[in-house]
2 protein chains.
Amino acid sequence: MDEESLQNALKTAEILCAQRGVRFTAQRRRVLELVCRAERPVGAYEILDQLREGATAAPPTVYRALDFLLEQGFVHKLETLHAFIGCTHPEHPHASQFLICSDCGRVKELENEAIAGSLRTAAQETGFKAERPIIEVLGTCAHCRRKTEQAGTSPRVPLE
Amino acid sequence: MDEESLQNALKTAEILCAQRGVRFTAQRRRVLELVCRAERPVGAYEILDQLREGATAAPPTVYRALDFLLEQGFVHKLETLHAFIGCTHPEHPHASQFLICSDCGRVKELENEAIAGSLRTAAQETGFKAERPIIEVLGTCAHCRRKTEQAGTSPRVPLE
DNA sequence: AGCACTACTGTTATAATATTGCGAAAGGTA
DNA sequence: TACCTTTCGCAATATTATAACAGTAGTGCT
């Protein structure tokens, strides 16, 4: 996330917290900032390491902040990676889908109504009440595919 | 899984392993049996506890067997639960979706082409090559909803 | 300001999940 | 049999997450 989006995300979080009557403490702001600043999903202990620079911190510190941010919808948890990522549209609740590149590690968040809809429909057919749909697709992003396929046209490793 | 489905699952696994030229060892068979016998998803350490009855076993024993069974498509891993479940149709590779009841813990495996399709389409639009789609929906199953809603018509806890 | 209340934080310990590395055993093949 | 590959046993350790409890700080009230 670039500096501008980051500032925007922090500001948005601040406003939403005020509206919702919950506290956007320094600790929580700091963790949100660290998650958003990262190019890729970050693990709880990575965040912890950064928190420890200059201060003392233990796992519950991070997990509590993350729990809060998750509840408020400011970050998402990627279950397949045990890692966290800043939400790209925190203003409204939403069902998202994540495209996770196994090559570069970057993640794209989708908000695709066709997917969400077909899932709702399928669940309803069985009488199931969907509350938290988790959709994470592991694969290869466009950028990394180009890289790999170019390399693939000539042998990746010189023949011996 | 009832006894008949279990025997069927084991037989199917055996045949598929023979066809694929991989070994269906006693260890692997035993772990598959334990996973399939369970009514709900089971954690690796639950399996381990059962393996230890009468023998000695350590975590790698279970995880190695599970890795094999996952590769062969005989079991699925539920990422949101850190638990494993027997596959209901191991004969062909497939993208499944799981409806996980937070109340009773039971899981229904779907194989819904509309969901899989819309996901493929959405991924393709961004040039992403989907390799392993993970779809797990937490919610409440039909059975548990009925229970809860009935209870809800009259107060669940007697008034004081 | 003083007080009570609640929400948040710090700290220690520990639980739960998963992997690494190494050497021994078992199965398959010439 | 000798050889090779795969699987297994075992000890240690890494990684992710939570519990329990005491202290602190913000919030609302008088």
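Residue numbering restarts at 1 for every chain, and letters A, B, ... go by the order of the sequence lines.
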When the distance from [atom1] of [X] to [atom2] of [N] is rounded to whole Å, what number comes out?
X: B:L66; N: D:dC8; atom1: CG; atom2: P; value: 12 Å
X: B:L69; N: D:dT7; atom1: CG; atom2: P; value: 12 Å
X: B:D49; N: C:dA15; atom1: CG; atom2: C1'; value: 14 Å
X: B:Y63; N: D:dC10; atom1: OH; atom2: P; value: 18 Å
X: A:I47; N: D:dT15; atom1: CD1; atom2: P; value: 16 Å
X: B:L48; N: C:dT17; atom1: CG; atom2: P; value: 11 Å
X: B:F68; N: D:dC8; atom1: CZ; atom2: C1'; value: 14 Å
X: A:E79; N: C:dT17; atom1: CD; atom2: P; value: 13 Å

- Message: For DNA chain D, which residues of residues 22-35 of chain B approach it to below 4.0 angstrom with any heavy atom?
- Response: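 The answer is B:R23, B:T25, B:Q27, B:R28.
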
- Item | Residues A:R29 and A:E14 bridged, charged N to O under 4.0 Å |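 A salt bridge links A:R29 with A:E14.
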
- Query: Between A:E113 and A:R120, is the closest basic N to carboxylate O distance under 4.0 Å?
  - Reply: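 Judged by the 4.0 Å cut-off on N to carboxylate O distance, A:R120 and A:E113 do form a salt bridge.
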
- Note on the structure: Note: for A:R64 and A:A44 on DNA chain D, the residue whose nearest nucleotide lies more 5' is A:A44

Would you say the side chains of [X] and [Y] form a donor-acceptor pair under 3.5 Å?
X: B:S5; Y: B:D2; answer: yes
X: A:E46; Y: A:Q50; answer: no
X: A:T80; Y: A:E136; answer: yes

- Message: In terms of relative ring orientation, are A:H82 and B:H82 parallel, tilted or perpendicular, with 30° and 60° separating the classes?
- Response: parallel

Where the side chain of [X] is defined as all heavy atoms beyond and including C-beta, which of [options] is the nearest nucleotide?
X: B:F84; options: D:dC10, C:dA18, C:dG10; result: C:dA18
X: A:A58; options: D:dC21, C:dT12, D:dT16; result: C:dT12
X: A:P60; options: C:dT17, C:dT9, C:dT12; result: C:dT12

- Query: Within the modelled atom types, does a donor on one side and an acceptor on the other bring the side chain of A:Y45 and the base of D:dA17 under 3.5 Å apart?
  - Reply: yes

Quick one: is [X] getting a side-chain N or O under 4.0 Å of the [N] phosphate, OP1 or OP2?
X: A:T61; N: C:dT11; result: no
X: A:H82; N: D:dT15; result: no
X: B:K77; N: C:dT17; result: no

- Message: Which residues pass the side-chain contact (heavy atoms from CB on, under 4.5 Å) test with B:E33, not counting sequence neighbours?
- Response: B:L6, B:L10, B:R37

